[in-house]
Amino acid sequence: MLAIACDHGGYGLKQEILGYLDAHNIAYKDFGCDSTEAVDYPEYGRRAAMAVANGECDKGIIICGTGIGISITANKVPGIRCALCHDCFSAAATREHNDANMLALGARVIGAGHALKVVETFLNTPFSNDERHIRRIELIEK
Ligand code: RB5
């Protein structure tokens, strides 16, 4: 189960991503927001991050205008490794090296077509399970 959330700045891109998830039969829980009316991104980032941290969802995608505020928020939640990625190389690397469990996107930074490729890469790249990456992730948790 994938957690997804956005603020008003990310609402349009979230709709595009929901269309992608529906088309690929990927199950998700949408934690809002539900329009382009201004809201506070920390609330929505927190909701999705908590769902991943407590095991209700195994990964999450969060979107705001830049992706910055909402990723900072998610990374405050213990157990969350949220990567802000606007390219496929970073999306693959953060899965392989960091076992990132959340992806943040900035809807004002990246076009929807490119963002969907980043989402696809993030969702389809497994963790390397490499001993040195496991050690480094354990150090993050400490
Ligand atoms: C909202 O205007 C904007 O600040 C927000 O979407 C995000 O970019 C914050 O980091």
Side-chain angles (χ1 to χ4, degrees), residues 1-128 130 132-142:
M1 180 68 68
L2 184 73
I4 188 159
C6 66
D7 76 351
H8 54 288
Y11 179 75
L13 179 55
K14 186 176 77 174
Q15 297 311 110
E16 301 275 351
I17 295 171
L18 294 184
Y20 171 91
L21 298 175
D22 287 335
H24 291 80
N25 290 313
I26 298 170
Y28 59 84
K29 272 197 170 183
D30 185 355
F31 291 89
C33 68
D34 302 314
S35 76
T36 54
E37 189 179 326
V39 293
D40 298 327
Y41 61 79
E43 179 54 30
Y44 295 90
R46 184 187 68 83
R47 289 181 192 178
M50 292 300 290
V52 174
N54 71 23
E56 183 183 350
C57 295
D58 38 42
K59 284 199 188 82
I61 297 176
I62 49 179
I63 312 133
C64 67
T66 59
I68 297 170
I70 206 159
S71 62
I72 291 171
T73 305
N75 279 315
K76 296 283 183 193
V77 177
I80 295 302
R81 294 178 301 282
C82 180
L84 172 57
C85 299
H86 290 135
D87 64 272
C88 292
F89 174 82
S90 300
T94 197
R95 288 289 310 126
E96 289 165 355
H97 293 207
N98 317 121
D99 197 16
N101 50 14
M102 296 191 77
L103 170 69
L105 292 162
R108 296 173 183 158
V109 180
I110 188 171
H114 190 182
L116 292 179
K117 284 290 176 195
V118 173
V119 166
E120 186 168 61
T121 303
F122 180 80
L123 294 179
N124 292 320
T125 306
F127 178 49
S128 63
D130 186 292
R132 71 187 193 283
H133 293 311
I134 292 171
R135 182 180 67 248
R136 290 164 188 163
I137 291 166
E138 286 171 352
L139 287 168
I140 294 173
E141 299 304 326
K142 282 186 195 160

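A quick note: this is a predicted structure, and the numbers were derived from the prediction, not measured. All ligand and atom numbering here is 1-based and tracks the order in the structure.
- The ligand atoms of ligand 1 that sit less than 4.0 angstrom from a heavy atom of T66 are 7 (C), 8 (O), 9 (C), 10 (O).
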Worksheet item: Could you go step by step and tell me if E138 and R135 meet the salt bridge (charged side-chain N to carboxylate O under 4.0 Å, His left out) rule?
Response: CA-CA 5 Å; E138 286 171 352; R135 182 180 67 248; over 6 Å; no
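- N101 CG to F122 CZ: the interatomic distance, rounded to the nearest 0.5 Å, is 7.0 Å.
- Around the CG atom of D58, the shell of radius 6.0 Å holds more than 12 heavy atoms that belong to other residues, nucleotides or ligands.
- Against a heavy-atom cut-off of under 4.0 Å, D7 is close to the following atoms of ligand 1: 1 (C), 5 (C), 6 (O).
- Between atom CD of residue E141 and atom CD1 of residue I137 there is a gap of 8.0 Å, rounded to the nearest 0.5 Å.
- Considering backbone and side-chain atoms together, G67 places no N or O closer than 3.5 Å to any N or O of ligand 1.
- Which parts of ligand 1 touch R108 is read off a 4.0 Å heavy-atom cut-off, strictly below it: atoms 1 (C), 2 (O), 3 (C).
- Residue G65 places at least one N or O, backbone or side chain, under 3.5 Å from an N or O of ligand 1.
- Within the listing of ligand 1, atoms 1 (C), 2 (O) sit less than 4.0 angstrom from a heavy atom of H8.
- For ligand 1 and C64, the ligand atoms under 4.0 Å from any heavy atom of the residue are 6 (O), 7 (C), 8 (O), 9 (C), 10 (O).
- Looking at I17, I70, D7 one by one, the single match for side-chain contact (heavy atoms from CB on, under 4.5 Å) with I63 turns out to be I17.
- Separating the CG atom in L116 from the CG atom in L21 is a distance of 9.0 Å, to the nearest 0.5 Å.
- Less than 4.0 angstrom separates some heavy atom of G69 from each of these atoms of ligand 1: 9 (C), 10 (O).
- Other residues, nucleotides and ligands contribute at most 12 non-hydrogen atoms within 6.0 Å of the CD atom of E37.
- On a distance-only criterion, Y41 and ligand 1 share no N/O pair closer than 3.5 Å.
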